[in-house]
Amino acid sequence: MKTKTMFKTMLASMFCMVALLLVACDGDSNKPVLNKLSFDKTRVDLNLGRTTTLTVKNGTAPYTAKLSEQGDQLVADVRVEGNVITLIGMFLGEATLAVTDKDGNTGVVSVVVKNIEGTLKLDKTTLNIEVGKSETVSVQNGVGPFKAISNDNKVVETDVKGSQITFTGHKAGTTTVEVQDAKSNVGVVTVTVR
């Protein structure tokens, strides 16, 4: 008889523990889900010292926004007004912006602050090349390795060797080529191929 009573007590205790666990776990459904909020951009790129905006497309105002730190500094100043978040580039680098609405829903966006175009010095910023001919541009500052990205590879092709960039004309037309260094400094060359 003692065994049956002990068994019933253990069974009742287990039932209470399971019920308690189920009730305790039920509260987890109220936790915010990452990226429940959506934005007008999936990534924010801005230049040092410049301003851009990000718009929250859903959720309930008021919103709060917090930028992750890079070392001991924030790459951007962040201000929230309604559903518009204004960012001002303060330091070069990357961070994550976490936005939370009144109900605890959250969304995250990558923020990249880079130098303004033209901060990379080039010995030439305008080229006139004939089809089949080449011309070289020298990078005069910045940190290698360098890369050159043409907006139209059909018009001009680039080849980077050290700080020398060779431009070869392929087809008549005009395009721009963005030259970047390892620290996201940028210089632009306008190329016309005849």
Legend entry - pair Val99-Val56: side-chain heavy atoms closer than 4.5 Å: yes

Legend entry - side-chain contact (heavy atoms from CB on, under 4.5 Å) between Val155 and Val191, intermediate numbers included: CA-CA 9 Å; Val155 173; Val191 183; 5.5 Å; no

Inset, instruction - Grab the two heavy atoms, one from Gly144 and one from Ala182, that are nearest each other, plus how far apart they are. - result: O-CB, 3.6 Å

Inset, instruction - Report the distance from atom OG1 of Thr175 to atom CG of Leu127, rounding to the nearest 0.5 Å. - result: 12.0 Å

Legend entry - Asp103 side chain to Thr60 side chain, donor-acceptor N/O pair below 3.5 angstrom: yes

Legend entry - Pairwise side-chain contact, Thr190 with Thr174, heavy-atom cut-off 4.5 Å (strictly under): yes

Legend entry - Spacing of CG belonging to Leu46 relative to CE belonging to Met90, to within rounding of 0.5 Å: 11.0 Å

Legend entry - salt bridge (charged side-chain N to carboxylate O under 4.0 Å, His left out) against Lys124, all qualifying residues, sequence neighbours excluded: Glu135

Inset, instruction - Mark yes or no for whether Lys41, through its side chain, and Thr53, through its backbone, hold a donor-acceptor pair below 3.5 Å. - result: yes

Inset, instruction - Could you walk me through whether Tyr63 and Ile85 pass side-chain contact (heavy atoms from CB on, under 4.5 Å), step by step? - result: CA-CA 9 Å; Tyr63 299 93; Ile85 301 164; 5.7 Å; no

Inset, instruction - Answer whether the closest heavy-atom distance between the side chains of Leu37 and Asn58 falls below 4.5 Å. - result: yes

Inset, instruction - Indicate the atoms forming the closest heavy-atom contact of Val75 with Ala95, along with that distance. - result: CG2-CB, 3.7 Å

Legend entry - Heavy-atom side-chain contact between Phe39 and Thr55 under 4.5 Å: no

Legend entry - Separation between OG of Ser38 and NZ of Lys57, rounded to the nearest 0.5 Å: 5.0 Å

Only pairs under 3.5 Å count here: list side-chain donor-acceptor contacts from residues 146-154, not counting sequence neighbours, and write none if there are none.
unit_1, atom_1, unit_2, atom_2, d
Ser150, OG, Asp152, N, 3.1
Ser150, OG, Asp152, O, 3.1
Asn151, ND2, Thr176, OG1, 2.4
Asp152, OD1, Lys154, N, 3.0

Inset, instruction - Indicate whether the side chain of Thr168 and that of Glu157 have a donor and an acceptor atom separated by less than 3.5 Å. - result: no

Inset, instruction - State plainly whether one hydrophobic cluster holds both Val112 and Leu87, where clusters connect Ile, Leu, Val, Met, Phe, Trp and Tyr through side-chain heavy atoms under 4.5 angstrom apart. - result: no

Inset, instruction - Only counting residues at least two apart or in another chain, list the ones meeting salt bridge (charged side-chain N to carboxylate O under 4.0 Å, His left out) with Asp77. - result: Arg79

Inset, instruction - Check whether any side-chain heavy atom of Val111 lies under 4.5 Å from a side-chain heavy atom of Glu94, and answer yes or no. - result: no

Legend entry - Verdict with supporting geometry, Ile165 and Val179, side-chain contact (heavy atoms from CB on, under 4.5 Å): CA-CA 9 Å; Ile165 304 164; Val179 180; 3.5 Å; yes

Inset, instruction - Compare all side-chain heavy atoms of Val156 with those of Val177 and state whether any distance is below 4.5 angstrom. - result: yes

Inset, instruction - Could you tell me whether the side chain of Arg50 reaches within less than 4.5 Å of the side chain of Leu48, counting heavy atoms only? - result: no

Inset, instruction - Please round to the nearest 0.5 Å and tell me the distance separating atom CG of Asn47 and atom CG of Leu92. - result: 10.0 Å

Legend entry - Heavy-atom side-chain contact between Val193 and Glu130 under 4.5 Å: no

Inset, instruction - Could you tell me the separation between the CG atom of Leu97 and the CG atom of Leu74, rounded to the nearest 0.5 Å? - result: 10.5 Å

Inset, instruction - Please round to the nearest 0.5 Å and tell me the distance separating atom OG1 of Thr106 and atom NZ of Lys36. - result: 9.5 Å

Inset, instruction - Report the C-alpha distance between Val137 and Asp123 in whole Å, list the side-chain angles of each, state the deciding distance to 0.1 Å, and finish with yes or no for side-chain contact (heavy atoms from CB on, under 4.5 Å). - result: CA-CA 6 Å; Val137 171; Asp123 69 338; 3.4 Å; yes

Inset, instruction - Is it possible for you to say whether Val131 and Phe167 belong to one hydrophobic cluster, with membership spreading through side-chain heavy-atom contacts below 4.5 Å? - result: yes

Inset, instruction - Could you point out which residue of Val186, Val188, Val139 forms a side-chain contact (heavy atoms from CB on, under 4.5 Å) with Leu120? - result: Val139

Inset, instruction - Answer yes or no: does atom CD of Glu81 have more than 12 heavy-atom neighbours from other residues, nucleotides or ligands under 6.0 Å? - result: no

Inset, instruction - Indicate the atoms forming the closest heavy-atom contact of Ile129 with Ser134, along with that distance. - result: CG2-N, 4.3 Å

